[in-house]
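Worksheet: one structure, shown below.
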Amino acid sequence: MSRYDPATIEARWQKAWAEAGLFTAKRDPSKPKYYVLEMFPYPSGRLHIGHVRNYAMGDVIARYKIATGHAVLHPMGFDAFGMPAENAAMASGGHPKDWTYANIDAMVEQFKPLGLSLDWSRMFATCDPEYYGQQQALFLDMLEAGLIDRKPAVVNWDPVDMTVLANEQVIDGKGWRSGAEVEKRELTQWFFKITDMAEELLDALGDLDDWPAKVRLMQENWIGRSRGIEIRFERTDGGAPILCYSTRPDTMRGASFIAVAPDHPVAKELEANRPDLAAFIDECRKMDTTEAAMEKAEKKGIDTGIRVKHPVYADRELPVWIGNFVLMDYGTGAVFGCPAHDQRDLDFARKYDLHVQNAFYMPGQVAEVGTEALVPAKSEVVSFIDHFAGVGEVTSAEAIDATIDWFEDKGLGKGQVQFRLRDWGLSRQRYWGCPIPVVHCADCGVVPEKKENLPIELPYDNGNEPIDFSIPGNPLDRHPTWRDVPCPACGKMAKRETDTMDTFVDSSWYYTRFTAPRAETPTQADDVAYWMNVDQYIGGIEHAILHLLYSRFFARAMIKTGHLPESAAEPFDALFTQGMVTHAIYKSTKDGRPVYHYPEEVELKDGKAFVNGTEVEVVPSAKMSKSKNNVVDPLAIISQYGADTARWFVLSDSPPERDVEWTASGAEAANKHLARVWNLCDRIAAMDPAAKGQGDEDLLREMHKTIRDVTVGVESFGFNAAIAKLYAFTGVLSKSKASHKAQREAVMTLAQLMAPMTPHLAEDVWHHQGGEGLCAAAPWPVADEAMLVEDSVTLPIQINGKRRDEITVPKAMPKDEVEKLVLGNDAVMRALDGGQPKKLIVVPGRIVNVVV
RNA sequence: GCCCGCGUGGUGGAAUGGUAGACACAGGAGACUUAAAAUCUCUAGGCCGGAAGGCCGUGCCGGUUCGAAUCCGGCCGCGGGUACCA
């Protein structure tokens, strides 16, 4: 009897699959197609156990779809532009390109032993000029189609390093390297006009039935459609009126001040002559630009001295303040403050001693607002005292509509639909990204590059010398020859755009490129027609908003520019968001500093952890991080247990959408189970084919139930539940005394059902039992309905909702006969004590509840 | 701050309105063995009880329902996103 030896069998079957060309995607009109895609990785250089989980899930689907007769496309590539490559070059010399490609090579090698059903012939990286050149072509087409805009936008500016910082590089308002206080700077930047499609992107969410509801909801809130009103406030000094946008015009009566953004024209107009305002505006410019920081910051303001008239109560004058909480990007950059009905406005009013006046009360109550604003839900009824749009009790929603109508009638304002969504700024002042293919000419202005000049390649060096990445700023800006080029329109010397594209652009269309990765145009009509859409997309929930929304926008933009068919407007038919793989942190303290121990150093005893005999703290379920020494290396796991064990474990231990904690004992258990199946296979192979067996029927019934349950599990991403059924069936089979014929059928079916998760082991079992061809190519087993029918059913009997007993009855027994049996049950008779039940509920085939 | 999730035995989890704890890990008991490892069998939410059985129990508080881990409201804790991390 041999031993389960994954190292040997995994290599053997990977070779066999490659030779059979099983995973090379081929258009085949005779088969239904299936495109399964996992979000492609950033080439950090090391495959992470979290990747293994992500790709194992996609692999289960892909292999299952092959077995069910589909032409499957299951590609892999690399999302290869981005900051880490530049950071690496900055930290330790070298070139972002060399670093990135070395990492890609290393990761491809790490991918191979996992035995994934990937079509490597379609592999590309977004930093390949062949890819980003097509992206530049797309950009030019989108520019021509009016989908792209140029306008000013604010960036984080490090005044010491003289460079733009990403939000991540700003720590407590200071530059991560220089430590200098970060300022805001306005630059003219490129934008995708995603807001033009806001309505469309919102409406289409309703049809994404196979997307998680939470993702649709997050996108809906992110797009943030609201109906409100734009109201003109006339200035008492005769200056240009101030326009305010509000979604709660029902509170207009209580308006007591106006707040404008620090970069609002009114603020800018006054800045020059008012040092106090200038100082305040300056302070606001130093604030973190992130939404989270803005919202959490203390609300501050300063009175401009300007006054406006209340548009309805003409005798009331409202002061105009500059508020650090008002966003120039949203609405008009100015709001009216109604302290009585908005908590933030109330806090602000109390702080600066501004007037507080109710617009309405709760019905029957007339109480002035104290420290808590009265904020009714839109469905709540409120009572207006002398509301200009009507007096009485109405819901807030009705009041809002009535107010908008009233203002429109009087010509004082206009109803408006507003979106929270902002245009997508794509300019990045960085080297390692896709160059934006335009030229700035003194005479012609902004001129698009000619398509025949694409790709506009990133220069590898700086003329004759290497690029020095340790100098802050964008090296393209100071490149002697790359930057200065003839204008594509007039031929005079001009300056190439040195900004590169946001890396989200790269990942917004890669899924279309996989359908024809070497095409001379971004996509190829017959290939996108056949393969699109992605039938199943799999990735992390962290991409719920940005990546997925940008991709949805891009698909629509690609339709408008003729690169995709209309049917691809929603490019991902089904989406699944999986959880992370976490691992415990082992932590102790030395000289007041935390010390993190590697799992290998740790001894586990009675749920406690020890390093060299000293107990250490265990922090469970922590995100894997190099600095915490809790990263699990898939290659180490594979060399110890094999790929099948790693795959089986990451799929078995948690529901796929939830985080899973990697534990050594869990991996050990998975490995034991696979060895058990291996031994079972050996035992069955050694059986005497002629020997009589017993219980064939029971075994096969169990087998068909398992086929049904595993199929349902695989199709619904219930991998852990499917695996539990496989454990149970393995148990039944190992105890079975059935004939050789039945046991052989059972173990071969078991292998097939396990094949999507543990393809190598399955292949080996299949082969040992004399299966025909490759298990990976064998048709998926189908459950025999006749074998699934049960003739009796066990019904739990509840008394007042608590389970007290159970009865087993023929499945077809009529309800009244079940009732009779129940009333004769001992436990029920005891509970009734001679009386009649208040109610008797029989749910056929499920449960009985007696209410006494 | 705001938006979206999640919370069940010692542990990972199952059950998506109908028997809470399937399946597995760690634990306990046993078989095999000179012994150990490996393997196999049994056991196992908590409390009371010899047992039969009873009571409690799905983060906390409340509600809807014949029946709630599941639906609704309010809280607490943790995680993701928050537009230049990918």
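The sequence lines fix the lettering, A, B, ..., with proteins before strands; numbering per chain opens at 1.
Comparing C25(B), G18(B), G12(B) against the side chain of Ser665(A) picks out C25(B) as the nearest. Here A83(B) is the nucleotide among A83(B), A86(B), G81(B) with the atom lying nearest to any side-chain atom of Arg422(A). Minimum atom distance to the side chain of Asp653(A) is reached by G12(B), of the listed G13(B), G12(B), C25(B). Of the listed nucleotides (G81(B), U82(B), G5(B)), U82(B) has the atom at the smallest distance from the side chain of Leu546(A). Distances were taken from every side-chain heavy atom of Thr503(A) (C-beta onward) to each of G13(B), C66(B), A86(B); the shortest belongs to A86(B). Comparing A83(B), G18(B), G81(B) by their closest approach to the side chain of Glu542(A) singles out G81(B). Taking only side-chain atoms of Arg658(A), from C-beta outward, the nucleotide of G13(B), C84(B), A86(B) with the closest atom is G13(B). For Val851(A), taking side-chain heavy atoms from C-beta onward, the closest of the listed nucleotides G12(B), C66(B), C23(B) is C66(B).
Scored by the ring-ring contact (aromatic ring centres under 6.0 Å, His included) test, Phe576(A) finds Phe717(A) as partners (sequence neighbours excluded). The side-chain contact (heavy atoms from CB on, under 4.5 Å) test applied to Asn54(A) returns Glu38(A), Ile538(A), Gln578(A), not counting sequence neighbours. Listed by chain and number, the residues in a ring-ring contact (aromatic ring centres under 6.0 Å, His included) with Tyr641(A) amount to none (sequence neighbours excluded). In this structure, the ring-ring contact (aromatic ring centres under 6.0 Å, His included) partners of Tyr510(A), at least two apart in sequence or on a different chain, are Phe40(A), Phe514(A). With sequence neighbours excluded, the residues that form a ring-ring contact (aromatic ring centres under 6.0 Å, His included) with Tyr132(A) are Phe81(A).
Listed by first and then second residue, the side chain to side chain donor-acceptor pair (under 3.5 Å) pairs that reach into residues 713-734 of chain A are Tyr64(A)-Glu715(A), Trp648(A)-Tyr727(A), sequence neighbours excluded.
In this structure, U39(B) and A31(B) make a Watson-Crick or G-U wobble pair, each of the two defining distances being under 3.5 angstrom.
Contacts between residues 290-299 of chain A and RNA chain B, defined by a heavy-atom separation under 4.0 Å, are made by Thr290(A), Glu291(A), Ala292(A), Glu295(A), Lys296(A). Within residues 218-225 of chain A, the residues that have a heavy atom under 4.0 Å from RNA chain B are, in order of number, Met218(A), Asn221(A), Trp222(A).
Ring orientation note: the planes of Tyr131(A) and Trp509(A) are close to parallel, at an angle under 30° on the 30°/60° scale. The aromatic rings of Trp424(A) and Phe553(A) stand perpendicular to each other, their planes meeting at an angle above 60°, with 30° marking the opposite boundary.
Side chain Gln169(A) to base C84(B): no donor-acceptor pair is found below 3.5 Å.
Rounded to whole Å, the P atom of A69(B) lies 10 Å from the corresponding atom of U19(B). For the P atoms, the distance linking C47(B) with A14(B) amounts to 26 Å, nearest Å. A gap of 10 Å separates the C1' atoms of G10(B) and G45(B), to the nearest Å. Taking the C1' atoms as reference points, U64(B) lies 29 Å from G13(B), given to the whole Å. A distance of about 13 Å separates the C1' atoms of C25(B) and G9(B), rounded to the whole Å. With C1' as the reference atom, C72(B) and A24(B) are 35 Å apart, rounded to whole Å. With C1' as the reference atom, U58(B) and A22(B) are 15 Å apart, rounded to whole Å. Taking atom P in both C75(B) and C3(B), the straight-line distance is 12 Å, to the nearest Å.
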(request) Please report the C-alpha distance between Phe192(A) and Asp502(A) in whole Å, then the side-chain angles of each, then the deciding distance to 0.1 Å, and finally whether the side-chain contact (heavy atoms from CB on, under 4.5 Å) criterion is met. (result) CA-CA 11 Å; Phe192(A) 289 120; Asp502(A) 178 8; over 6 Å; no

(request) Test Arg804(A) against Asn825(A) for side-chain contact (heavy atoms from CB on, under 4.5 Å), laying out the working first. (result) CA-CA 10 Å; Arg804(A) 282 297 122 108; Asn825(A) 176 276; over 6 Å; no

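In this structure, the CZ atom of Arg803(A) is 16 Å from the P atom of G18(B), given to the nearest Å. Between the C1' atom of G1(B) and the CG atom of Asp288(A) lies a distance of 14 Å, rounded to the nearest Å. One interatomic measurement links the two molecules: CD1 of Ile847(A) to P of G17(B), which rounds to 14 Å at whole-angstrom precision. Residue Trp211(A) contributes atom CH2, which lies 17 Å from atom P of C4(B) at whole-angstrom precision.
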Identify all pairs in which a protein N or O lies below 3.5 Å from an N or O of nucleotides 67-71 of chain B, and state each distance.
none

Pick out the pairs of N or O atoms, protein on one side and nucleotides 38-46 of chain B on the other, that lie under 3.5 Å.
from, atom 1, to, atom 2, distance (Å)
C40(B), OP1, Arg676(A), NE, 3.2

Measure all distances between protein nitrogen or oxygen atoms and nitrogen or oxygen atoms of nucleotides 73-77 of chain B, and list the pairs falling under 3.5 Å.
none

What nitrogen or oxygen pairs link the protein and nucleotides 53-59 of chain B at under 3.5 Å?
from, atom 1, to, atom 2, distance (Å)
C55(B), OP2, Arg804(A), NH2, 3.4
C56(B), OP2, Lys802(A), NZ, 3.1

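Summarising the geometry of Gly333(A) relative to Val326(A), their closest heavy-atom pair is O-CG1, 3.5 Å, with the distance given to 0.1 Å.
In terms of position on RNA chain B, the residue among Phe81(A) and Asp423(A) whose nearest nucleotide sits closer to the 5' end is Asp423(A). With the nearest nucleotide of RNA chain B identified for both Ala213(A) and Leu421(A), Ala213(A) has the one nearer the 5' end.
Among the atoms of the strands shown, none is found under 4.0 Å from any heavy atom of Val848(A). In this structure, His673(A) reaches neither bases nor backbone, as no heavy-atom distance under 4.0 Å exists between it and the strands shown.
Proximity of Lys839(A) to the phosphate of C66(B): a side-chain N or O atom is located under 4.0 Å from OP1 or OP2. The side chain of Asn720(A) contributes an N or O atom lying less than 4.0 Å from OP1 or OP2 of A14(B).
With hydrogens and angles ignored, the 3.5 Å screen pairs a side-chain donor or acceptor of Arg216(A) with a backbone N or O of Leu208(A). In terms of modelled atom types and a separation under 3.5 Å, the side chain of Asn849(A) and the main chain of Ile841(A) share no donor-acceptor contact.
Remark: Lys838(A) NZ is loosely packed, at most 12 non-hydrogen atoms of other residues, nucleotides or ligands lying under 6.0 Å away.
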